[in-house]
**Student:** 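Sending over a structure as C-alpha cells; questions will come in a sec.
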Amino acid sequence: MSEKIGNVWVFIEQEGGKIADVSLELVCKGHELAKRLGVKTEAVLLGNKIRHCVDTLYHYGCDTVYLAEDKHLEPFTVLPYAKVIMDLIKEHKPNILLFGATLKGRELAPRVASEKLAGLTADCTDLQIDDFDDKVNKKFYKNKLMQIRPAFGGNIIATIVNTWDDPQMVTVREGVMKMTEPDKSRKGKLVEVKPSLSKEETIVKVIERVSKEKNVNLKGAQIIVAGGYGVGSKENFKLIYELAEALGGQVGASRAAVDAGWIDHDHQVGQTGVTVRPKLYIACGISGSIQHRAGMQEAKRIIAINSDPDAPILSVAHYGIVGDLNDIIPKMIKAYKSKV
Amino acid sequence: MLSFFHACAILSSFVVKKYVKNNYKIYRNPKQNGGHAVSFTIIVFVKQVPDTQNITGEAMKADGTVNRAALPAIFNPEDLNALELALQLKDRYGAKVVVGTMGPPNAAEVLRDALYRGADEAVLLTDRNFAGADTLATSYALSCCAKKIGKFDLILCGRQAIDGDTAQVGPQLAEKLKIPQISYIEEVISLDKHKVKARRAIEGGYEILETPVPAMLTVIDSNDPRPPAAKKIMKFKKAITRSELVKAHAGANYTDAEALAEEEENLKTKNLWINEWNASSVDADPQRIGLAGSPTKVKKIESVVLTAADFKKIEANEQGINGLIHELIQDHTLG
Ligand SMILES: Cc1cc2nc3c(=O)[nH]c(=O)nc-3n(C[C@H](O)[C@H](O)[C@H](O)COP(=O)(O)OP(=O)(O)OC[C@H]3O[C@@H](n4cnc5c(N)ncnc54)[C@H](O)[C@@H]3O)c2cc1C
Ligand SMILES: Cc1cc2nc3c(=O)[nH]c(=O)nc-3n(C[C@H](O)[C@H](O)[C@H](O)COP(=O)(O)OP(=O)(O)OC[C@H]3O[C@@H](n4cnc5c(N)ncnc54)[C@H](O)[C@@H]3O)c2cc1C
C-alpha cells in the first residue's frame, strides 16, 4: 500500500474542437478527487487540430494534458481512440480514469476496459474516496473510488468498487458533477503523444455524418416547462411555450410527446434524452414513467400538473396540481404576470 | 446450382420494393426468405431481465445481488429490436439466426420466444460458476460461446439491458473477439460477405458507417419487433434444453442415459433442441468467469425513495395557483 499511486485521468470528449460540458464537469470532479489523494489531475485529449482546447483544460484544473492529434482521430470512431488510450494507460498507469457517460463515452470506455481487464462502472451519479473492507474475500483496500450509480431502471442506487489493478474506470452521467469557475491564470504541462495507429484500428469508415447543433440548452436551464402526451396535440404545445416564455424558461418534453411528433427530440428529458437539474421543473401532462423521472428528479423544485390524482409524477413532485392543464396553465401565466 | 442462383438474382431485380427513409434508399426484397441458400450467420445475444418497470421492495437480497425471482422475467426490450434486425436481414439476404443467452436454466424461456419469432437455433449458456459476473466476465463468457458457435458474420446485441443498465457487454464482447463494433444501430443499409454498412444514432443526428465483417452491432429501439408467429409457437413450444428434458423425465422410470440420448436425437432431428452449454463446454477459463472474473464488487445497494420530502397539494383554482406563484417568487425559485 505504500506504493506510489497513479494520477486521476479524464478523457476529454470534443466535437469539432469544442469540449463537451461533461468533460469539464469531470475535470472539476477529477481535480477534487486528485487533491484528496495527493496526485495530479490529467486530461487525455484526442482529435485533430484541437490544440486550442488545451488552455481551457488547465483553467478548469488539469495539471497535465496528453494531446494526441492524428487525422484518424477525427471524426471520432472507437477503435483508434481505444488504441491511443490503451497505449497511454500502459505507459503512465493512472489510478482513476473518468469518461462522460455520453454516447461516445459509453461505447469507448468498455472497449478500453475490456482490453485492460479493468472494472468499469457505468453511468455514475456520484464519486467518493473511501476505504473498502471486502469481508467476503477478507481484503482491505485503502482510498478506493466509490462508484455510485443508479441501476435497475433507476430503482436502486449501487455503490461499486473496482478491486483489480488500476485504473479504476467509470463513466459519469452528464450534468451531475458541478462545474467550478475556471481560473484563467492556471497553467499546466502539455505532453504531446504520437499515436501509433495501424490498419487494424482504421477499418471502420465514416461514410456520412449528419449532426446539427442543438438548438435548445436544457442542461443549463434554470427553469424548464415540460409537456407530455397529456398536452394532446402539436398545436396545444404552444401553451407550454407560453408558460416557459412567461417564466423565462426552456421547453422540455416526454418521449411520448416527442414520438407523437409534437416536438423535437432535442427537448426530450429522461433516460434517452437529457438529464436536467433546474431550479424549477414544471411537468405538464406527464405521467412520470421511471425513464422520464431519471432525467428530472434531481430538480430542486418540481411542479406536476396532471388530471390523474394517481399519476406517478405526483410522488416525486413538491407541488401537485390535479386538474386540466388547459385550464391551469393560463391561470399560472396570469398569476405570474400580475405578481411581477 | 448456378442457374438457380442466377434465376433468383434476376427475379429479385424485378421484385425489389423501394422505399425511402431519411434521405437514403434501401432496396429490399421481402420474397427472398427461405428461397435461396443461407449465406450469413448472425448471432443475437439476448438477456432475460426482471421487469424493472414494475419493481417491488423485495427485489434485492441482503448481499447486494438481485432476487430475480421476485420480479416477472421478460425479454430485454432492446434485444427484441436486435432480433428483429437479424430477422430482417434474414428476409433480405438469407441468414441463419442463432440466439444465445447466458443465464439460469429458465432463461430458456427467452430462447423459445426468439424461436417463435423466427430464429433458427438457440443456445443456453448456463453454469453456476457464471453467477455474479460483471460485464467483463459476462462478455468473456459470451465470447467463448460465440467461438463455440463457430464462424459468424455478425453479432447483434441490444444496446442496454434494463436491469444492469450498463450498455457495456456489446463493446466488451467485440473487444474480446477482436472484431470491430458499432453501437446504437438503427438500420442496416447493406450487408455482404466482406462488409456491413449501417446507420446509427449520434448526438444530434446520425452517422453511416461501414466496417468489415465479422462485426458486432448494438441495436437501439428503432424497429417494431414482429410478434411470435402462431405456427411457430405450436412447433417450438416443444423445444427444450437438456436440463428440461431430464427434468421432464425425473421421477419417471425413464432416467437411464440411453433413453435420454435417444429422445435427444429425436428432438434434434425435429429441430426442437435448445443447445445447453456450460463453462467447460465453451472452454471458458474458470478464473475469468463469474465472481472470480469480475473486477467490480457491489459494496452497497440502496433502494430509491420516490416521494419528495415536502409534498404540497395545490388547489387547481385561481387562489391555489396565485398562492403557489407567490411562494415561488418569495423563495427566489421564480425571479
Ligand atoms: C428504453 C426506454 C427509454 C425511454 N426513455 C425515455 C426518456 O428519455 N424520456 C421519457 O420521457 N420517456 C422515455 N421512455 C418512455 C416512457 O416509458 C413513457 O412511455 C413516457 O415517458 C410517457 O410519456 P408521457 O408521460 O408524456 O405520456 P403518458 O404516460 O401517456 O402520460 C400522459 C399523462 O398526461 C395526463 N393528462 C392527460 N390529459 C391531461 C390534461 N388535459 N391535463 C393534465 N394532464 C393530462 C395523464 O393523466 C397522464 O398522466 C422510455 C422508454 C423506454 C422503454
Ligand atoms: C445494481 C447493479 C449494478 C451493476 N453495475 C455494474 C457496473 O457498473 N459495471 C459492471 O461491469 N457490471 C455491473 N453490474 C453487473 C451487470 O449487470 C452484469 O454483468 C450483467 O450480466 C451484464 O450487464 P448489463 O445487464 O448491464 O448488460 P448490458 O451491457 O446493458 O447489455 C447489453 C446487451 O448485451 C447482451 N447481454 C448482456 N448480458 C447478456 C447475457 N447474460 N446473455 C446474453 N446476452 C447478454 C444483450 O444483447 C444486451 O442487450 C451491475 C449489476 C447490478 C445488479
Side-chain angles (χ1 to χ4, degrees), chain A residues 78-79 102-103 106-107 110-111 113-115 117-123 132 134 146 150-164 203-214 247 279-280 290 301-302 315-323 328 331-332 335-336 339-340, chain B residues 52-53 55 59-60 64 134-136 139 162-168 171-172 174-176 180-184 197 201-212 295-304 306-308 310-314 316 318 320-322 324-326 328-329 333-334:
Chain A
V78 171
L79 299 184
T102 56
L103 291 179
R106 295 187 78 173
E107 58 179 329
R111 182 98 192 182
S114 174
E115 189 174 350
L117 299 180
L120 175 63
T121 299
D123 204 23
F132 175 48
D134 183 354
M146 299 296 121
F152 239 65
N155 291 283
I156 58 163
I157 301 282
T159 303
I160 293 173
V161 186
N162 185 355
T163 57
W164 285 10
I203 47 176
V204 179
K205 301 271 183 280
V206 179
I207 310 277
E208 191 185 335
R209 195 158 200 276
V210 177
S211 151
K212 57 175 169 43
E213 268 293 307
K214 283 207 170 156
L247 303 179
K279 273 202 312 205
L280 179 63
I290 192 122
R301 287 261 173 282
I302 297 168
S315 65
V316 292
H318 303 89
Y319 303 99
I321 314 177
V322 175
I328 293 164
K331 286 203 173 86
M332 288 179 82
Y336 183 71
K339 287 274 192 281
V340 288
Chain B
T52 55
Q53 335 224 326
I55 217 158
M60 305 304 292
D134 70 1
T135 63
L136 192 72
S139 55
I162 61 167
D163 53 346
D165 274 337
T166 69
Q168 289 172 183
Q172 295 193 316
E175 191 283 326
K176 294 275 169 278
Q181 62 180 71
I182 308 179
S183 292
Y184 324 124
K197 196 195 285 185
I202 59 171
E203 199 95 41
Y206 68 88
E207 216 171 45
I208 293 174
L209 299 180
E210 187 176 270
T211 173
T296 62
K297 299 274 177 275
V298 177
K299 186 190 181 205
K300 189 166 78 180
I301 298 256
E302 288 159 296
S303 293
V304 171
L306 276 180
T307 319
D310 49 350
F311 179 77
K312 205 162 169 181
K313 187 166 189 285
I314 306 295
E318 220 151 286
I321 290 167
N322 280 338
L324 168 65
I325 297 291
H326 180 73
L328 292 174
I329 292 175
T333 301
L334 287 175

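Per chain, numbering begins at 1; letters A, B, ... match sequence-line order.
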**Student:** Who among A:R301, A:R111, A:K331 has the most heavy-atom pairs with chain B under 4.5 Å?
**Tutor:**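 Going by pairs under 4.5 Å, I would pick A:R111.
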**Student:** What pair of heavy atoms forms the shortest contact from A:A122 to B:Q168, and how long is it?
**Tutor:**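 Closest pair (atom of A:A122, atom of B:Q168, distance): CB-OE1, 3.3 Å.
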**Student:** So which residue, B:L136, B:T211, B:I182, ends up with the most heavy-atom pairs under 4.5 Å with chain A?
**Tutor:**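 If we count pairs closer than 4.5 Å to chain A, B:L136 comes out on top.
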**Student:** Work out which heavy atom in B:P212 is nearest to a heavy atom in A:I203; give both atom names and the distance.
**Tutor:**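 Looking at all heavy atoms of both residues, the closest pair is CD-O, 3.4 Å.
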**Student:** Chain B: which of A:G320, A:A118, A:G119 shares the most heavy-atom pairs with it under 4.5 Å?
**Tutor:**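 Ranked by heavy-atom pairs under 4.5 Å with chain B, first place is A:G320.
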**Student:** Which atoms of A:L117 come close to chain B, meaning under 4.5 Å heavy atom to heavy atom: side chain ones, backbone ones, both, or neither?
**Tutor:**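 For A:L117, the contact with chain B is made by backbone and side chain together.
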**Student:** Without swapping roles, check the side chain of B:Q181 against the backbone of A:E107 for a donor-acceptor pair under 3.5 Å.
**Tutor:**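 Yes, the answer is positive, given that a donor and an acceptor are paired below the 3.5 Å cut-off.
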**Student:** Taking all heavy atoms of A:K279 and all of B:T333, pick out the closest pair and write down the distance.
**Tutor:**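 Taking A:K279 first and B:T333 second, the nearest heavy atoms are CE-O, 3.5 Å.
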**Student:** Supply the atom-to-atom distance A:S211 OG to B:E203 CD, rounded to the nearest 0.5 angstrom.
**Tutor:**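 Between atom OG of A:S211 and atom CD of B:E203 there are 8.0 Å.
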**Student:** Measure across B:I301 and A:A158 and return the closest heavy-atom pair with its distance rounded to 0.1 Å.
**Tutor:**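 Taking B:I301 first and A:A158 second, the nearest heavy atoms are CD1-CB, 3.9 Å.
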**Student:** Closest heavy-atom contact between A:K339 and B:I329?
**Tutor:**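 Scanning both residues, the minimum pair turns out to be CB-CD1, 3.6 Å.
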**Student:** With only heavy atoms counted, which part of A:V78 is less than 4.5 Å from chain B, the side chain, the backbone, both or neither?
**Tutor:**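 For A:V78, side-chain heavy atoms alone lie under 4.5 Å from chain B.
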**Student:** Got a second to check how far B:L209's CG is from A:E208's CD, nearest 0.5 Å?
**Tutor:**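 The CG atom of B:L209 sits 10.5 Å away from the CD atom of A:E208.
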**Student:** Would you check if the side chain of A:Y319 reaches a backbone N or O of B:L324 as a donor-acceptor pair within less than 3.5 Å?
**Tutor:**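 Between the backbone of B:L324 and the side chain of A:Y319 there is no qualifying donor-acceptor contact (under 3.5 Å).
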**Student:** Is it true that atom NZ of B:K300 has more than 12 heavy atoms of other residues, nucleotides or ligands lying nearer than 6.0 Å?
**Tutor:**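 Check fails, neighbour count at 12 or below.
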**Student:** So, taking the atom named CD1 in A:I160 and the one named NZ in B:K299, what distance separates them when rounded to the nearest 0.5 Å?
**Tutor:**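 Between A:I160 CD1 and B:K299 NZ, I get 12.0 Å after rounding to 0.5 Å.
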**Student:** Quick one: of A:N162, A:D123, A:L79, A:I302, who has the most non-hydrogen atom pairs under 4.5 Å with chain B?
**Tutor:**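 Winner by heavy-atom pair count: A:N162.
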**Student:** Testing the basics here: between A:L103 and B:A201, what is the closest heavy-atom pair and its distance to 0.1 Å?
**Tutor:**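 What the structure gives for the nearest pair is CD1-O, 4.2 Å.
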**Student:** For the pair A:T163 (side chain) and B:P295 (backbone), establish whether a donor and an acceptor sit closer than 3.5 Å, ignoring hydrogens and angles.
**Tutor:**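 Yes; judged by distance alone, with no hydrogens or angles, the pair exists.
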**Student:** Measuring from atom CZ of A:R106 to atom OG1 of B:T166, what distance do you get when rounded to the nearest 0.5 angstrom?
**Tutor:**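 One finds 7.0 Å between CZ of A:R106 and OG1 of B:T166.
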**Student:** Using heavy-atom distances under 4.5 Å, tell me whether B:I202 contacts chain A through its side chain, its backbone, both, or neither.
**Tutor:**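 Contact with chain A involves both backbone and side-chain atoms of B:I202.
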**Student:** Which value, rounded to the nearest 0.5 Å, describes the distance between B:L328 atom CG and A:L247 atom CG?
**Tutor:**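 B:L328 CG to A:L247 CG: 9.0 Å, rounded to 0.5 Å.
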**Student:** May I ask you to name which of A:M146, A:M332, A:E115 has the most heavy-atom pairs under 4.5 Å with chain B?
**Tutor:**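 Most heavy-atom pairs within the cutoff with chain B belong to A:E115.
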**Student:** How long is the span from the NZ atom in A:K205 to the CD atom in B:E210, to the nearest 0.5 Å?
**Tutor:**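 Result: 8.5 Å between the selected atoms.
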